[in-house]
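What follows is a set of notes on a single structure, which appears directly below.
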Amino acid sequence: MWKRRVIKKKAVTLIKLRYWRMISVCFLIALLTNTYSISTSFLFLQIPFVSQGGDATFSLGIPNSEALIDTVSHLLPDTYLSAFFSGSWDRISAVLIDLFSANLSVFFASIRTLSVMVTEDPGPAVAFLILGVIFAVIYQLFVNNILVIGERRFFLETRNYRQTPISKIFYLFKLRYVRHPAWVMFCRSLFQGLWNLTIVGGLIKHYEYILIPYILAENPQASRKDVFYLSKQLMHHNKWKFFLFDLSFLGWQILSLFTFGILNFLFVNPYMAASRAELYALLRRNYVLSRSPRYEVLSDSYLEHVPSEDELLISKALYDDSQGPYTKISYFAPEQYPVFLFSLQPPLRAVRTPVKVERKYDVLSYLLLFITFSVFGWLLQASIQLMTEGALIREHFLAGPWLPFYGAYGILVLLLLRRLNKKPVFVFVFSVILAALMEYFLNASYETLTGTTLNDYSDFFLNLNGRIYLGGSIIYAILGCAFLYYLAPRWTEFYMKLGRTKRTLLCALLYVLFIIDVTVSSLQLIFG
């Protein structure tokens, strides 16, 4: 037996002790996956059917609602569903769809493809639209689902280990163990989708499968049959209770709507995640203690029992070093899960030296990082656009595969914020401000010089003169933090291995190409 009030009380106590880590994890998961989609809706909400500037070099793609409504009106004309999406209900239904749907979604990527095919003459654009759907599927399988498992792992560990790092959400990537968990999560999505066709069966199966990410977080090597079996057994006689448990957060979710999702970020999401982790811990503990069938799969006893320093020393002394590289390089990080005792060890090639965030950069390193981050930004933007709009890349000032804005932003983050690296919250806030100022200045300058708009965000809910919007600045800030804390040190480490001569030649070649591109593009802009 379990009581909602007791579980929630434990969750609240835990949040008080781990507040900033928990909201940081939930914030990242909300932005990188389709979990907590309502939290990010206001950041990326496009006001339906607001016309975008015709003189804009590019603007973001059509909202989910517009794609869905156009598709329904063409495929199912003169039906109740089509009538619901028309007339006085069109704006209300559109806002609801955009509020409760994820930005990166396989379903809506498919809807956009279908929308173009039924409303326009698709031509060769269909190939990019289909490619966008494929990219969305790959992202869902190998990024979204793996990060969801990582989030569950973080909340399971942080119950007993105060210093559980935020990077724990990437732990399966660090272990280089992705394919099997991705396969199990794919099966879960597939079976859930099929059961959803029966409506009632879909709701029942949703709660039957709800613990699958937690079981994989505890034991990623568990077979598909074992994972599904254990989730079913753990939820036996508990599905209705779990439904009421979720329903008890409804008031918080409604209240969060009045704060434009801010309350979700600051409290509701960590509250729900911590509560669910406590509930899973209780259910799996009772299951293991009762020695129920296949309880051995729930083998991570260190999630419940925190080993003493003596136990760690004895365990390390008795542990076979051939089992994995963690045993050879491990150290006893205070108040963190003892990674070297985890059942799954990474391959030797996956183990790297710790990232040196405080490292110094010479002029050559800054030059290479500028170009590298510019190319990285182009690839990232092209991938996102492919998944959300079905186009390879928007037209932009330069012809080459680089976006200098990313490079300049990354270098400024390094120069201005590197000394604050031990205060990640401040780094993030200042990165948001820096990105907003830079993009606003860029768009305003371009508009002054050319008389046209470079980026048009005028249809976004939280925008400033159509030149910047809050969601975009936050995404840039996350990239800036990733650049400061991981990408810049790792890329510099790689370039250093080339030696100074090769680095100099590579830098010279890249800048020759870049200067040619800038020169030719500038002449085209000036002389039309």
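Small disclaimer: the values here were computed from a predicted structure and weren't measured.
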Determine yes or no for a side-chain-to-main-chain donor-acceptor pair under 3.5 angstrom, with [X] supplying the side chain and [Y] the backbone.
X	Y	result
Thr40	Leu43	no
Asn443	Leu454	no
Ser522	Val518	yes
Asn463	Ile468	no
Glu447	Thr452	no
Thr259	Ser256	yes
Gln345	Phe340	yes
Asn455	Arg467	no
Tyr139	Ile134	no

Do you know the tightest heavy-atom contact between [X] and [Y]?
X	Y	result
Ala11	Ser275	CB-OG, 3.3 Å
Ala273	Tyr36	CB-OH, 3.5 Å
Pro270	Asn264	CD-O, 3.8 Å
Leu147	Phe173	CD2-CE1, 3.9 Å
Trp252	Leu263	CE3-CD2, 4.0 Å
Tyr171	Pro220	OH-CG, 4.1 Å

What is the ring orientation for [X] with [Y], classed by angle as parallel under 30°, tilted 30 to 60°, or perpendicular over 60°?
X	Y	value
Trp491	Phe373	tilted
Trp402	Phe514	perpendicular
Tyr457	Tyr469	tilted
Phe428	Phe27	perpendicular

Reported [atom1]-to-[atom2] distance for the pair [X] and [Y], which is rounded to 0.5 angstrom:
X	Y	atom1	atom2	answer
Leu484	Ser431	CG	OG	7.5 Å
Lys356	Arg490	NZ	CZ	10.0 Å
Leu510	Leu368	CG	CG	7.0 Å
Thr164	Leu156	OG1	CG	10.0 Å
Ile166	Ser24	CD1	OG	4.0 Å
Leu216	Leu211	CG	CG	11.0 Å

Would you tell me whether [X] and [Y] have side-chain atoms, one donor and one acceptor, within less than 3.5 Å of each other?
X	Y	result
Glu439	Tyr409	no
Ser39	Asn269	yes
Asn160	Glu335	no
Arg503	Tyr495	no

Just wondering, more than 12 heavy atoms not from [X] lying within 6.0 Å of its [atom1]?
X	atom1	result
Phe441	CZ	no
Phe426	CZ	no
Arg500	CZ	no

**Asked** What do the steps show when you test Tyr177 against Gln221 for side-chain contact (heavy atoms from CB on, under 4.5 Å), and what is the final call?
**Response** CA-CA 9 Å; Tyr177 196 78; Gln221 299 180 95; 3.7 Å; yes
Does the side chain of [X] reach to within under 4.5 Å of the side chain of [Y], using non-hydrogen atoms?
X	Y	result
Phe42	Leu257	yes
Tyr280	Arg152	no
Leu380	Leu479	yes
Pro213	Met185	yes
Glu493	Arg359	yes
Phe483	Pro489	no
Phe155	Met22	yes
Leu505	Leu509	no

Mind running side-chain contact (heavy atoms from CB on, under 4.5 Å) on Thr492 and Tyr361 for me, showing each step along the way?
CA-CA 8 Å; Thr492 302; Tyr361 300 90; 3.1 Å; yes
### Message
Walk me through whether Glu304 and Arg159 qualify under salt bridge (charged side-chain N to carboxylate O under 4.0 Å, His left out).
### Response
CA-CA 9 Å; Glu304 290 293 331; Arg159 294 175 55 255; 3.7 Å; yes
Margin query: Tell me whether the NZ or CZ atom of Arg153 lies within the 45° cone about the ring axis of Tyr337 and under 6.0 Å from its centre.
Written below: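 Here Arg153 passes the 6.0 Å and 45° test against Tyr337.
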Just do the side-chain contact (heavy atoms from CB on, under 4.5 Å) check on Leu341 and Leu312 with the steps written out, would you? CA-CA 9 Å; Leu341 293 181; Leu312 285 172; 4.1 Å; yes
Practice task
I would like to know whether Arg21 and Gln163 meet side-chain contact (heavy atoms from CB on, under 4.5 Å); could you show each step before the answer?
Solution key: CA-CA 9 Å; Arg21 290 176 187 267; Gln163 297 300 323; 2.7 Å; yes
For this session: Go through the steps for Ser365 and Asp362 under the test side chain to side chain donor-acceptor pair (under 3.5 Å), then give the verdict.
Result: CA-CA 5 Å; Ser365 295; Asp362 57 16; 2.6 Å; yes
Among Trp378, Tyr476, Phe376, which one satisfies ring-ring contact (aromatic ring centres under 6.0 Å, His included) with Tyr406?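 Considering Trp378, Tyr476, Phe376, a ring-ring contact (aromatic ring centres under 6.0 Å, His included) with Tyr406 is found only for Tyr476.
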